[in-house]
Amino acid sequence: MSNSGILQVFADSREALMRFLVLRGASSADAEDILQEVHLKLLSEELGPVAEPRAYLYKMATNYFLGFRRTADRRTRREEDWMEVHSATEGGIEERPSIEAALIARQQLAILQRVVDGLPERTRVIFRRFRIDGEPQRQIAADLAISVSAVEKHLAKAYAAIAAARLRLDEDNLAWRHPIDEESRHGT
């Protein structure tokens, strides 16, 4: 089966995959994110022949769900460990972020807002309706007289633009936190 064939099976099975992930313990939002990752993977890689496309998609969704769960568990343990270490030495955690952290967060939000504002109009509208307003993809597709697959492609474009901007922000933050001085760079 070609990629276009498995993409059609994915579109036809999306609701069932969503229910499957929710029954496995994912929240609706997490299940949407997992299915978006599966869809992006299907779009980005050339697949070989797939004899059982539905079984393949369920296995793919399960693998992404397990990876998502492992990442969430690691994050929770890391945050708990951090809280334990720092609350013992600092006498508690301040509820409000520092002025510097708040300023950085506002600057990053403004950059990401410009990225979203710079998207093509239809992509921007679909992204806002889905991610901000929480409208289902089927409803958006029906309102705009396009397919659910087209909605997913617009969302993939938006996510790619945001991911690229986040990567640039992360690289900028890493370079700012770990400057390399000329002496250590040249081994002198």
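Throughout, numbering of the chain's residues begins at 1 and tracks the sequence.
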Name every donor-acceptor pair, under 3.5 Å, that has one atom in a side chain of residues 110-121 and the other anywhere in the protein, sequence neighbours excluded.
residue: Q113; atom: NE2; partner: D117; partner atom: OD1; Å: 2.9
residue: D117; atom: OD1; partner: R128; partner atom: NH2; Å: 2.6

Give the table of side-chain donor-acceptor pairs shorter than 3.5 Å for residues 152-161, with sequence neighbours excluded, one pair per line with atom names and distance.
residue: E152; atom: OE1; partner: H39; partner atom: NE2; Å: 3.1
residue: E152; atom: OE2; partner: R14; partner atom: NE; Å: 3.2
residue: E152; atom: OE2; partner: R14; partner atom: NH1; Å: 3.1
residue: H154; atom: ND1; partner: T123; partner atom: OG1; Å: 2.8

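Residues F10 and L35 share a closest heavy-atom pair of CZ-O, 3.5 Å. V22 and A31 make their closest contact through CG2-CB, 4.2 Å (heavy atoms, listed as atom of the first residue, atom of the second, distance). When all heavy atoms of L17 and A61 are compared, the pair lying nearest together is CD2-CB, 4.1 Å. Scanning both residues, R24 and F65, for their nearest heavy atoms gives O-CZ, 3.4 Å.
Residues F127 and I162 meet the side-chain proximity criterion, which asks for heavy atoms closer than 4.5 Å. When side chains are defined from C-beta on, S149 does not count as touching Q8, because their heavy atoms never get closer than 4.5 Å. Residues Y64 and K41 form a side-chain contact, since some pair of their non-hydrogen atoms from C-beta on lies under 4.5 Å apart. At least one side-chain heavy atom of Y56 sits under 4.5 Å from a side-chain heavy atom of M60. Between D30 and L21 there is no side-chain heavy-atom pair separated by less than 4.5 Å.
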Derivation and outcome, side chain to side chain contact (heavy atoms under 4.5 Å, CB included), residues I126 and I146: CA-CA 11 Å; I126 290 170; I146 59 176; 3.9 Å; yes
Side chain to side chain contact (heavy atoms under 4.5 Å, CB included) evaluation trace for V50 with L57: CA-CA 10 Å; V50 177; L57 291 171; over 6 Å; no
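In this structure, E32 CD and F130 CZ are separated by 4.0 Å, a value rounded to the nearest 0.5 Å. The OG1 atom of T76 sits 10.5 Å away from atom CG of D81, with the distance rounded to the nearest 0.5 Å. One distance of note links OG1 of T62 with CD1 of I34; it measures 9.5 Å at 0.5 Å rounding.
When the side-chain hydrogen bond (donor to acceptor under 3.5 Å, both in side chains) test is applied to D143, the partners found at least two apart in sequence or on another chain are R129, Q139. F20 is linked by a ring pair (Phe, Tyr, Trp, His ring centres under 6.0 Å) to Y58, counting only residues two or more places apart in sequence or in another chain. By the side-chain contact (heavy atoms from CB on, under 4.5 Å) test, A163 pairs with no residue at all, sequence neighbours left out.
A 6.0 Å sphere centred on CD1 of I132 holds more than 12 heavy atoms belonging to other residues, nucleotides or ligands.
Residue L66 is not grouped with residue L40 when hydrophobic side chains (ILVMFWY) are merged at heavy-atom distances under 4.5 angstrom, including chains of intermediate members.
Contacts classified as salt bridge (Lys or Arg N to Asp or Glu O under 4.0 Å) and involving residues 48-74 (residues at least two apart or in different chains) are not found.
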